[in-house]
Amino acid sequence: MLLGGGGREHALASALRRSARVGDLVCAPGNAGIAHLARCVPLDPSDLDSAVQLAAREQPALTVIGPEAPLALGLVDALGRRGLRAFGPTQAAAQLEWSKAFSKRFMQRHQIPTANYAVCTSAAEARDALALFSGTVVIKANGLHAGKGVLICRTREEAEAAIAGLFSGALLGRAETHVLLEEFLEGEELSFLLVSDGKHVAPLLAAQDHKRIGEGDTGLNTGGMGAYTADTLLAPGMRDWILHHIAQPTVDGMAAEGTPFVGVLFLGLMMTARGPVVLEYNTRFGDPETQAILPRLESDLYEALEACVEGRLSDTEFRWKAGASACVVAASGGYPGAFRTGLPIQGLPEAASVPGVDIFHAGTAQVGDAVCTAGGRVLGASACGGTLAGALALAYSALGKVQFAGMYFRRDIGARALVRNAHGG
Ligand code: AMP
Ligand code: GLY
């Protein structure tokens with residue numbers, strides 16, 4: 001059973017379907033694309049009682065949880081109490097994502113590199129702490145806000161307005177009790193995902209996400225407008241350093257504190273002049289990263305996830321197609337602001353028939369004979385290739401066959417990496 005209904009879950013469903021171990025696959029709620037791979041059941045994954053009832057009825061061998069909200073609410077714990085196995089962290093372990101104050105203090109306790117910070121519980125305390133930072137400062141709400149709780153403040157006035165707005169509730173609609181001030185870091189961002197069985201770690205491919213709505217990384221933050229992977233993205237020495245100095249100490253630290261981490265650990269890294277620094281932890285598969293990563297997976301995803309749950313990840317290794325991959329997201333016009341839904345999408349069969357391409361549905365719904373838009377991020381065109389340029393060309397050619405009113409996508413996914421490659425770096 002798979003919980004969630006976005007592009008990440010479509011990519012997960014597609015990889016799970018390739019496993020000889022997966023017979024019946026149930027997805028809740030799923031979407032119009034996932035419906036071709038799984039039996040979809042309507043459900044709000046954040047409604048724990050309904051999710052537990054569904055699992056109790058279906059008795060899946062394993063439940064894989066896509067989004068962060070049910071993890072933060074304790075779905076893995078609730079399923080466990082009913083004797084049902086789930087891939088994902090417990091509520092206590094998921095705290096690495098749902099409480100930034102917890103994750104910063106955790107990194108400090110375990111000497112894991114992260115930006116300097118202060119956790120403040122009142123606007124007055126935050127204004128005092130502001131005096132300790134110079135230049136640009138990053139101000140963050142403590143909890144889960146789907147990327148909207150982070151404000152990069154270039155001036156003292158901006159920072160004071162952010163502090164006031166977060167504590168009063170004017171900015172996010174809910175008054176924050178904890179606000180973080182953070183040193184502003186410069187560098188390339190990298191999404192480094194790994195799975196853990198609570199003891200061992202096994203890395204997936206490193207990816208880069210494009211979070212801003214506009215080309216050239218401008219405009220508002222979104223859930224992610226595209227992602228790519230490439231064998232050239234992360235040198236083996238750097239990868240090993242991250243595993244030994246960040247990933248393994250995180251898993252060891254969680255085990256030592258009595259909250260072992262089982263699931264996907266997603267390191268949001270800034271590759272700075274002083275080395276990789278953790279910007280944030282996520283405790284689940286990334287979206288759209290997963291849409292770029294899993295098409296390159298050659299080994300069995302189900303077996304790897306089961307090995308995590310059974311605490312025997314040390315026997316498991318992921319095997320990948322060599323080369324690169326890219327995912328370009330098509331969004332509704334207006335996203336991440338207001339947008340229309342219910343618009344019919346044309347060209348899906350033609351796009352999906354381009355060899356080497358997967359069209360992953362995100363916000364789609366079947367309405368009679370038509371597949372219609374049903375969200376901000378509508379779909380992702382993913383492709384693998386020997387080179388990043390090849391993968392991008394395929395993904396864009398497939399996306400060119402899709403149409404809906406107001407469809408928007410960035411034309412520069414992976415563009416900076418292509419320039420870097422051309423310069424041999
Ligand atoms: P977070 O949710 O903490 O990952 O923050 C969302 C985004 O804000 C990150 O992906 C970065 O682009 C940016 N960001 C967060 N913290 C910092 C920081 N300390 N320095 C620079 N940029 C940051
Ligand atoms: N793409 C970033 C995330 O999944 O949080």
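Fair warning: this is a prediction, and the values are worked out from it, not measured in the lab. Order of appearance sets the numbers: ligands from 1, and atoms from 1 within every ligand.
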key: Phe184 neighbourhood, listing ligand 1 atoms whose heavy-atom distance to it stays under 4.0 Å   = 20 (N), 21 (C)
ask   = What residue among Glu182, Lys140, Gln95 forms side-chain contact (heavy atoms from CB on, under 4.5 Å) with Lys100?
value = Lys140
message = Tell me whether ligand 2 is touched by Phe266 - counting only heavy atoms on the residue side and a distance under 4.0 Å.
response = yes
request  = May I ask whether Glu186 has any heavy atom positioned less than 4.0 angstrom from an atom of ligand 1?
outcome  = no
request  = May I ask you to check if ligand 1 and Lys211 share an N or O to N or O distance below 3.5 Å?
outcome  = yes
ask   = Are Arg109 and Phe102 in a cation-pi contact, defined as NZ or CZ under 6.0 Å from the six-membered ring centre and within 45° of the axis?
value = yes
ask   = Among Ile152, Val278, Thr272, which one has a heavy atom closest to atom 14 (N) of ligand 1?
value = Ile152
task = May I ask you to list the atoms of ligand 1 that are less than 4.0 angstrom from any heavy atom of Glu280?
result = 1 (P), 2 (O), 3 (O), 4 (O)
ask   = Short list, please: which atoms of ligand 2 are under 4.0 Å from a heavy atom of Gly223?
value = 1 (N)
note = ligand 1 to Met270, heavy atom cutoff 4.0 Å, flagged ligand atoms 21 (C), 22 (N)
ask   = Are Leu193 and Asn282 side-chain neighbours, meaning at least one heavy-atom pair lies under 4.5 Å?
value = no
query = Which ligand 2 atoms are under 4.0 Å away from a heavy-atom of Gly286?
reply = 4 (O)
inquiry  = Checking contacts here: is it the side chain or the backbone of Val150 that comes within 4.0 Å of ligand 1, counting heavy atoms only? Could be both or neither.
reply    = side chain
Salt bridge Arg319-Asp300, side-chain N to carboxylate O under 4.0 Å = no
query = Relative to atom 18 (C) of ligand 1, which among Asp209, Leu279, Asn221, Asn282 owns the nearest non-hydrogen atom?
reply = Leu279
message = Quick check: Glu289 and ligand 2, any N/O pair under 3.5 Å apart?
response = yes
message = Once you measure the plane-to-plane angle for Tyr396 and Phe409, does it fall in the parallel (<30°), tilted (30-60°) or perpendicular (>60°) bin?
response = tilted
query = Which class fits the ring pair Phe360 and His10: parallel under 30°, tilted 30 to 60°, perpendicular over 60°?
reply = perpendicular
key: Under 4.0 Å to a heavy atom of Asn282 - the qualifying atoms of ligand 2, by number   = 5 (O)
Single hit among Leu71, Asp77, Thr283 for side-chain contact (heavy atoms from CB on, under 4.5 Å) with Thr90 = Asp77
note = shortest atom 2 (C) of ligand 2-to-protein heavy-atom contact is with Asp209 OD2, 3.5 Å
inquiry  = Checking the N or O distance criterion of under 3.5 Å, is ligand 2 in contact with Arg284?
reply    = yes
query = Distance-only, no hydrogens or angles: does the Thr373 side chain make a donor-acceptor pair with backbone N or O of Gly342 under 3.5 Å?
reply = yes
Sole residue of Leu279, Leu269, Asp217 in side-chain contact (heavy atoms from CB on, under 4.5 Å) with Glu189 = Leu279
inquiry  = Atom CZ of residue position Arg411 - does it have more than 12 heavy atoms of other residues, nucleotides or ligands inside 6.0 Å?
reply    = no
